[in-house]
Amino acid sequence: MKAFPATLFALVVRDYDEAIQFYTKKLGFTLVEDTTLTPTKRWVVVSPPDSGSGGGCNVLLAKAADDRQLASVGNQTGGRVSFFLHTDNFLRDYQALCDHEVEIVRKPSTEAYGTVAVFADLYGNLWDLIEPR
């Protein structure tokens with residue numbers, strides 16, 4: 001299989017602008033693209049810090065288009081941790097989450113694989129903040 005320089009996954013959101021605000025202002029993601037496709041649909045891509053638009057994993061913020069999709073907002077994996085954000089400085093990034101009043105679901109702990117805390121995004125999706133060993 002050919003290796004590609006970037007990865008993209010979709011996250012179903014309730015509203016483009018509130019999602020952009022949360023991910024860029026509270027989590028420090030970069031807004032990579034915000035293109036209007038139709039009057040009700042946009043192509044909105046954000047990137048975690050230091051991921052870059054070409055070399056890391058990007059997130060497509062996909063606005064729920066119907067009731068079925070809206071019902072999945074915040075519960076795309078049935079309440080399990082869905083997303084994993086690696087850091088090279090756990091204390092700095094954990095403190096930034098706290099400073100931006102991001103909901104901490106599980107306080108930091110040291111595990112065999114590294115230091116980890118669980119936080120929730122604005123919709124309740126669970127994320128691990130991990131500094132690998």
Side-chain angles (χ1 to χ4, degrees):
M1 173 180 257
K2 180 181 177 189
F4 294 96
T7 303
L8 179 72
F9 68 88
L11 179 64
V12 181
V13 300
R14 183 175 44 236
D15 178 82
Y16 291 118
D17 294 321
E18 72 181 8
I20 291 169
Q21 182 76 11
F22 178 84
Y23 284 97
T24 61
K25 301 300 183 199
K26 293 199 178 243
L27 297 187
F29 284 33
T30 300
L31 180 60
V32 175
E33 184 175 355
D34 185 357
T35 302
T36 300
L37 302 176
T38 71
T40 59
K41 187 174 181 179
R42 290 158 53 186
W43 184 262
V44 177
V45 178
V46 294
S47 178
D50 298 326
S51 185
S53 62
C57 186
N58 298 312
V59 183
L60 174 68
L61 301 175
K63 184 178 175 185
D66 57 32
D67 289 341
R68 181 173 175 226
Q69 291 177 13
L70 193 57
S72 73
V73 171
N75 192 30
Q76 295 183 127
T77 58
R80 292 185 56 93
V81 172
S82 312
F83 310 104
F84 304 85
L85 193 58
H86 284 207
T87 178
D88 63 355
N89 187 326
F90 183 88
L91 292 176
R92 174 199 64 212
D93 294 336
Y94 179 77
Q95 187 60 52
L97 292 175
C98 294
D99 291 347
H100 289 101
E101 300 178 346
V102 173
E103 179 187 356
I104 304 300
V105 175
R106 261 181 256 132
K107 300 251 184 228
S109 64
T110 302
E111 305 296 337
Y113 53 85
T115 305
V116 62
V118 179
F119 68 93
D121 70 12
L122 75 163
Y123 300 115
N125 294 303
L126 298 181
W127 292 68
D128 271 357
L129 175 66
I130 302 170
E131 182 175 4
R133 285 196 187 270

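These figures come from a predicted structure and were not determined experimentally.
With contacts defined as side-chain heavy-atom distances shorter than 4.5 Å, the pair Leu11/Asp121 qualifies.
Evaluation of the ring-ring contact (aromatic ring centres under 6.0 Å, His included) rule for Phe90 yields Tyr94 as partners, not counting sequence neighbours. Partners of Phe9 by ring-ring contact (aromatic ring centres under 6.0 Å, His included), not counting sequence neighbours, listed by chain and number: Phe83. In this structure Leu27 satisfies the side-chain contact (heavy atoms from CB on, under 4.5 Å) test together with Phe22, Tyr23, Phe29, Leu97, Val102, Phe119, sequence neighbours excluded.
Under the salt bridge (Lys or Arg N to Asp or Glu O under 4.0 Å) criterion, the residue pairs touching residues 90-110 are Asp88-Arg92, with sequence neighbours excluded. The salt bridge (Lys or Arg N to Asp or Glu O under 4.0 Å) pairs that include a residue from residues 9-27 are Arg14-Glu18, Asp17-Arg42, where partners are two or more places apart or lie in different chains.
A single hydrophobic cluster is not seen to contain both Leu126 and Leu85; linkage of ILVMFWY side chains at heavy-atom distances under 4.5 Å, directly or through other members, places them apart. Placement of Leu122 and Val118 in two distinct hydrophobic clusters is found when ILVMFWY residues are connected by side-chain heavy-atom separations under 4.5 Å, directly or transitively. In this structure, Trp127 is not a member of the same hydrophobic cluster as Phe84, with clusters built from ILVMFWY side-chain heavy atoms closer than 4.5 Å.
Here the shortest heavy-atom pairing between Glu111 and Ser109 reads OE2-OG, 2.8 Å. Residues Cys57 and Pro48 come closest through the heavy atom pair O-CD, 3.0 Å. In terms of heavy atoms, Pro49 sits closest to Gly28 at CG-O, 3.5 Å. Of all the heavy atoms in Leu8 and Leu60, the pair that sits closest is CD1-N, 3.6 Å.
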Full working for side-chain contact (heavy atoms from CB on, under 4.5 Å) between Asn89 and Gln95
CA-CA 10 Å; Asn89 187 326; Gln95 187 60 52; over 6 Å; no

Going through the distances and angles, do Val45 and Trp43 end up as a side-chain contact (heavy atoms from CB on, under 4.5 Å)?
CA-CA 7 Å; Val45 178; Trp43 184 262; 3.4 Å; yes

List, one per line, each side-chain donor-acceptor pair under 3.5 Å for residues 69-79, sequence neighbours excluded.
residue, atom, partner, partner atom, Å
Gln69, OE1, Ala65, N, 2.8
Ser72, OG, Gln69, O, 2.7
Asn75, OD1, Gly78, N, 3.3
Asn75, OD1, Gly79, N, 3.0
Gln76, OE1, Val12, N, 2.8
Thr77, OG1, Arg80, O, 3.0
Thr77, OG1, Ser82, OG, 2.6

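Put simply, CG on Leu31 and CD on Glu33 are 9.0 Å apart, with the number rounded to the nearest 0.5 Å.
Proximity of a side-chain donor or acceptor of Thr30 to a complementary backbone N or O of Val32 within less than 3.5 Å is not detected.
Other residues, nucleotides and ligands place no more than 12 heavy atoms under 6.0 Å from the CZ atom of Arg68. The number of heavy atoms from other shown groups lying within 6.0 Å of CG (Asp67) does not exceed 12.
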